[in-house]
Every structure is written in C-alpha cells, then in structure tokens.
Amino acid sequence: MIEIELDGKKVEIAEGSMVMHAAEKAGTYIPHFCYHKKLSIAASCRMCLVDVEKMPKPMPACATPVTQGMVVRTKSDKAIKAQQSVMEFLLINHPLDCPICDQGGECQLQDLAVGYGGTKSRYEEEKRVVEHKDVGPLISMEEMSRCIHCTRCVRFGQELAGVMELGMSHRGEHAEIETFVGASIDSEVSGNMIDLCPVGALTSKPFRYSARTWELSRRKSVSPHDSTGANLIVQVKNNRVMRVVPLENDAVNECWIADRDRFSYEALSGAERLTKPMLKQDGKWLEVEWQTALEYVANGLRNIVAEQGGEAIGALVSPHSTLEEAYLATQLLQGLGSGNVDYRLRNAQFAPQEGVRYLGMDIAALSELQAVLVVGSNLRKDHPLFAMRVRQAARKGGVVSRIVDTAVDWALPVKNSMLAPASQWAQSLAKVAAAVAQVKGIAAPPAAATPDEAATAVAQSLLRGERKAVLLGNAAAHHAQFDTLLSLANWIGEQTGAQVGVLTEAANTVGAQIAGALPKAGALNAAQMLGGALKAVLLLNVEPGADSAVDGKNLAKTDMVVTLSPFKTNLDISDVLLPISPFTETSGTFVNAEGRSQGFHAVVKPLGDTRPAWKVLRVLANMLQLDGFAQESSQDVYQAICAAGLIDANTGVGNKLSNRCAVALDFSGKGEAPVSASIYQLDGIVRRAPSLQATADGRAGASASRQSGVQA
C-alpha cells in the first residue's frame, strides 16, 4: 500500500492505482468525462486535471499513478483554473440545445458546466456541425455535434461488448465517432453506450422525445428474460413505463443490462395487450367480467375432475413466470388431484432429476475463470451478460473452449472449438473425458471415445489453474441426451476440479424447479400435454410453438384450454383468455441462475382489468374450494415457499441446488436439433417489442421462426 496526501487528508491506496482511484476511496469528487471505473483509461477529456506538488503543470487524475508521499490538491486555484480552461474548450463547439436535448437533466456536461463553465464564450467563429448517422433502431446518433470525443462508447465496444462497432475517424476538429462503411450497431448490449455517453450524442431511439428525465419516477425491478436476473431501474410517467436502465449490482449485472432488458418495455403498452377476460362462444371471442370468466373455468375444471379425475387436467408454466405464480399453479393442480405440471417447454428429455439444476457458482465468479468449457450454447446471444463476464476472464488470460454445432462469433477469443452435430455432443464430451483420463493415467468413463487433438487441448486447459468450469447451455439443457452430458460434465469436473453448471434458460428456470413445477411420478410431461393427452390445460404465460418444442396444435381438440397471459394470444386453441400482469404490474420473485431469489414490486398499476397471476390462481383455487389458498399478497406466497423449505428465508438462496447426475451414459445419437430460442424470440415480451424486432438479430430470429413453422 502507498500513502498519499489528498487535499490535506492521508489516503492509503494500492500500488499501481491512479490519483482518481485514491480520490474515489477518499470520497473526493474530481470532475471527469472520459474516465469510467469499468473501462480502460484514455485520459482524452482532460477534465480531471489536478494540482500535483512538484509537477510543473496540472496532471490528469485518471492517468497519474500514485507514488509514496505524493501531495495532490484537487481544489487549488491551479487545479480549478485548469478545469475551467478545459471546460471552455469543450463548450467551444457544443450546440446550445439543452432545452430540446434528451440528455437534459442527467447530462454530465450540463452539470459540470454550471460549476466550471464561463458566463459567456470568447469563441466567435461558427460552431462545427457533424452529420447525423442512422445506426439502427435502438441508438440515435442524430446530434453527434454534441460529442466531446471521450471515447467511452468506443472502449465499451472493444473491451466489454467484444465488438468495435464505433471508432473515431479523421483528426482535430474533423474527428467524428461513427460506424464505418455505413454499418449499423448490432451488439446485443449496445444500449449500454447510451448510459455511458456523458452528453446527448448517443440517446435511446425508442425513448427519444417522449419524456423529460425530471418527469419520471424511478422504481427498482428485475429482468424477466434470461437467467442473469439483471437489476433494473424502471422509469415511469403517467402510469406508463417510459424507459428501463440498469441498477448497479456488482454481484449480478455490474452496471450493465442487455438490450432485451432495456428495450422490451415497448411491448407492455403495445396493441396486443389483453386487458379484459375473454370467452370463446360459437367461435367468436367475447369480453366478459372476471367473475364470469373464473366461474366458467372453475365449473369446467370441477366437471372434468368429477367425470375424468384430476389426472385429466394439466398446467404448462412458463419459466418466465414468477416463483409465486409457479408455486401456486403447482399447488392448484395438486389440489385437483393432478401431478401434470411442467415448465420444461423446449426440452426433449424429461427424466426425473435429483436436485435443482443451476449455475453451480456465483455469477461474479465467471469473470475470474482461468478455463471454461461451454457445451451447447450460443453464449453471446443466449446469455449476453454472462458472455461479458467470460469475455473479461478471457482478456485476463482465461482459456475458453466450446462444443457446439456451429462456430458462431462469440465476440471473445475462443481457444478451442469442437464442432459436431448436436447428436454427437455426448461423444465429443466423452472424448474430453477420455483425454482427461489419459493425461491423469486413470480409467475413463464407460464407452468414452478415443480423444483427438482438440479434446486433448480442452482437457489440458481444464487441468491447469484453480478456477475453471464446465457449463451446459440452453441447447444442451434441451437435448435428448442432457443427462448423459451432465453426467460426463460431472466426471470431468471431479477429475479436473472444475465447477459444473447449467446456464439455465429463463428468468425463473431455477425458481420453477424450486416451486415444484415438474410432473410427479407417472404424470405427463410438457411434450405429452402439448400433444393433446388431457381434457383441460392451463397455459401460464405460455404460447405453444413460440415457447415450446411442440407446436401445441393438438390442444385445439382439448375440452378446455385456459390461457393466462398479458397478451392476446393462443386464440386458435384457447377457450378462455385471462389477462394477467407482466412483471411491471405485479410483485413477485425471480430466482436467477446462481439460485439467488430477487423480489420486486409492481412499478405501474395493472392495465385495464389485468390482474396479477398469483391472485388469479389463488381466487380460482378459492372458487374450487381448495385448502391452503388464503394468501393476501405475493409476500405471503413467498413466505409459504420458505416455510416449505424450498428457499432459505435468511439468505434468499434456493435449497436442494445440485447438478449431480448418476445415470447410465447414452450415446445413441438422439437429439439432432435441440430447440433454443433466438435472442429476441425468447419470451412473449421481447417478441412484441418493435425496436428489438427491427434489429438484425430480431429480423434473423423472426425469419428462422417462420421457416420452422413456429409463431413469432
């Protein structure tokens, strides 16, 4: 540690740190634009100039290393005059359009200009004008004349997104930040550049000119999409979601969110929202009152139970539903005498499992891995924020290996790629196991294949270092040989010391397992239910075909299909539509990939006659006169889950988390095309967000869905 004097106070800081780091530790604010704690140091804006004793001129705090005994003054006349001079230069060409700028009210330049700017300008020449650029449907570059060339956006692309989509062209007063050859910005985390921009040069195109920042209420929430469980700030005006930005949580999402977390809110006020219960009568849909709709459902279920027994009823639960919703749906079916509940909509294998499948480590640990093998995942698109952490690990020297069917670009250095059709993934992983056995001089698992050069390279990477992992992705989890893949991964983990994890697909995949949304022994699984094997089916946030491996057309032959959804969907197969609240209009809990439960509250009132799904399920159970449904709030449901021993009430971490799997290895070559949703087809909300669907990934995903016959 090194001790310096900062504005008269002694500060101890690690050797190699910069003056800016010491100031942060001491709680001293130094004005800056280009510096960001998660990015490399550029020292391009010079706003952070400070007075360092024995230095002939002011020095940039962000790029000046501390030395023993250094004396730094951040508020001396010398420092203040230097900062004022830099501000004068920054404002020379800046347009005077604060009243119409979307960044107004949250602009660093605006804030610092009040403290360090002059009352008038000495610059009398014409201000420079930069042509606007069209870089896609998410980011607006209409006012690049505001750009101060801090290069935060450029560095974010290079260092964190892994794709240098923006760069600086030309020199001097002709310098511009732009994409090249008219390219669009297509990164799945591009929206973070909007947050990083300290001025109004990069703004949100969907949010543009829709509200002023001081008009917005800010409320905490959790992402309902992938299994990261990104923490969000949802900004609201007049009971409508206007914008979504990240809430910093270093243990989960740091200060970033994926574009689908940021822009999917458009669907919440879209034309497809279902706002009143609807019944199908003589092939026509009629809007009815809640009492009428629920009585129809309750009477229908009661009659089917009386005539066919409870086993004639089933429920398909989306892993994007909350923990409370999944739990109550499971309890409702059990109360009716049915074990036909399943969340595994895209799976091809439905074998019983020993525990709750999860990541097997903390999310933050992904950034520190020295070696990782990923099986069956397009990591960059399936889990954008996990990919950012693995990218950080790779930048530190971590070795990334993968077993996939297509060598798609992960925007990070992949050292070893084992390419094989999905039907041969088990054999490929067995080769890695055999290579580990060969290196260690031990017996390989039964039927393990002969290792090749690629498998040996993967095995050697996993045998080095201390922090390593074998991770199974979405396509592996949906694979017909998933248990074989997991069993082999466990063997490799035991022999190499690697953690074994399942990335898990959705916001509440882990929570759905904790809630027991799995068929009981002898009950039907998701594929069988979608095949039309029941008399009545409840679809909780599920759109067959779009959310499942089976299209669900046979459900039209079922006596009664009840859809609980925020959207007008399943019109061809349903008999009843019940409007339930999306995540912004209900309280609840999502359990992310690492098993961390994160509660959230509604940020706006329910739209129209929409009601929270947990409340609809509870009232339906009351009408069916089932016991154990007296909860008055979602918190009561959560407490019941904790009381049942499913979640540790003190830590909020799920119990029974385990990736252990002891099965006979299966190398039959099943599962040639495991179903995985593309990034903007994952759930009903992102599928209905116009700006996301207009992106390159959105267009490609919609095209792929049409070609496969899946509804988009």
For Arg262, which of Asp195, Leu138, Val189 qualifies under side chain to side chain contact (heavy atoms under 4.5 Å, CB included)?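 Result for side chain to side chain contact (heavy atoms under 4.5 Å, CB included) with Arg262: Asp195.
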Result of checking Asp102, Ile194, Ile139 against Ser204 for side chain to side chain contact (heavy atoms under 4.5 Å, CB included):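 Among the candidates, only Ile194 passes.
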Please give me the minimum heavy-atom distance between [X] and [Y], naming the atom from each residue.
| X | Y | result |
| --- | --- | --- |
| Ala79 | Arg73 | CB-O, 3.8 Å |
| Ser461 | Val399 | CB-CG1, 3.8 Å |
| Ala251 | Arg596 | CB-NH2, 3.4 Å |
| Asp259 | Ser190 | OD2-OG, 2.7 Å |
| Ala26 | Leu6 | CB-CD2, 4.0 Å |

Does any non-hydrogen side-chain atom of [Y] lie less than 4.5 Å from one of [X]?
| X | Y | answer |
| --- | --- | --- |
| Asp51 | Thr74 | no |
| Leu39 | Leu160 | yes |
| Val11 | Glu5 | no |
| Cys153 | Ile177 | yes |
| Glu254 | Arg389 | yes |
| Glu165 | Ser187 | yes |

Compute whether any side-chain donor of one residue and acceptor of the other, for [X] and [Y], lie under 3.5 angstrom apart.
| X | Y | answer |
| --- | --- | --- |
| Arg218 | Thr213 | yes |
| Ser227 | Thr504 | yes |
| Glu178 | Ser169 | yes |
| Ser217 | Gln235 | no |
| Ser417 | Arg402 | yes |

Does [X] reach the main-chain N or O of [Y] with its side chain, forming a donor-acceptor pair under 3.5 Å?
| X | Y | answer |
| --- | --- | --- |
| Gln84 | Gly117 | no |
| Arg152 | Cys197 | no |
| Arg260 | Val686 | no |
| Lys415 | Val400 | no |
| Arg128 | Glu173 | yes |
| Gln598 | Gly229 | yes |
| Lys25 | Glu12 | yes |

side-chain hydrogen bond (donor to acceptor under 3.5 Å, both in side chains) for Gln693 and Gln681? Distances and angles first, verdict last. CA-CA 9 Å; Gln693 295 307 315; Gln681 296 292 314; 3.2 Å; yes
Establish, yes or no, whether a centroid distance under 6.0 Å links the rings of Trp256 and His36.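 Yes; His36 has its ring centre under 6.0 Å from that of Trp256.
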Would you call the rings of His225 and Phe583 parallel, tilted or perpendicular if under 30° counts as parallel and over 60° as perpendicular?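 Ring orientation of His225 relative to Phe583: perpendicular.
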Just say parallel, tilted or perpendicular for the rings of Tyr35 and His32, cut-offs at 30° and 60°.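 Tyr35 vs His32 ring planes: perpendicular.
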Walk me through whether Arg155 and Thr151 qualify under side-chain hydrogen bond (donor to acceptor under 3.5 Å, both in side chains). CA-CA 6 Å; Arg155 284 175 284 146; Thr151 69; 3.2 Å; yes
So that I can tick it off, tell me whether [Y] and [X] are bridged by a salt bridge, with the cut-off set at under 4.0 angstrom between side-chain N and carboxylate O.
| X | Y | answer |
| --- | --- | --- |
| Lys37 | Asp250 | no |
| Arg380 | Asp409 | yes |
| Glu88 | Lys120 | no |
| Arg212 | Glu215 | no |

For Ser223, the option from Asp261, Asn592, Asn231 that meets side-chain hydrogen bond (donor to acceptor under 3.5 Å, both in side chains):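 Single side-chain hydrogen bond (donor to acceptor under 3.5 Å, both in side chains) partner of Ser223 among Asp261, Asn592, Asn231: Asp261.
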Take Thr228 and Asp226 through the test side-chain hydrogen bond (donor to acceptor under 3.5 Å, both in side chains) and record every step on the way to the result. CA-CA 6 Å; Thr228 307; Asp226 66 39; 3.0 Å; yes
Could you walk me through whether Ile80 and Gln83 pass the side-chain contact (heavy atoms from CB on, under 4.5 Å) check? CA-CA 5 Å; Ile80 296 296; Gln83 293 162 359; 3.8 Å; yes
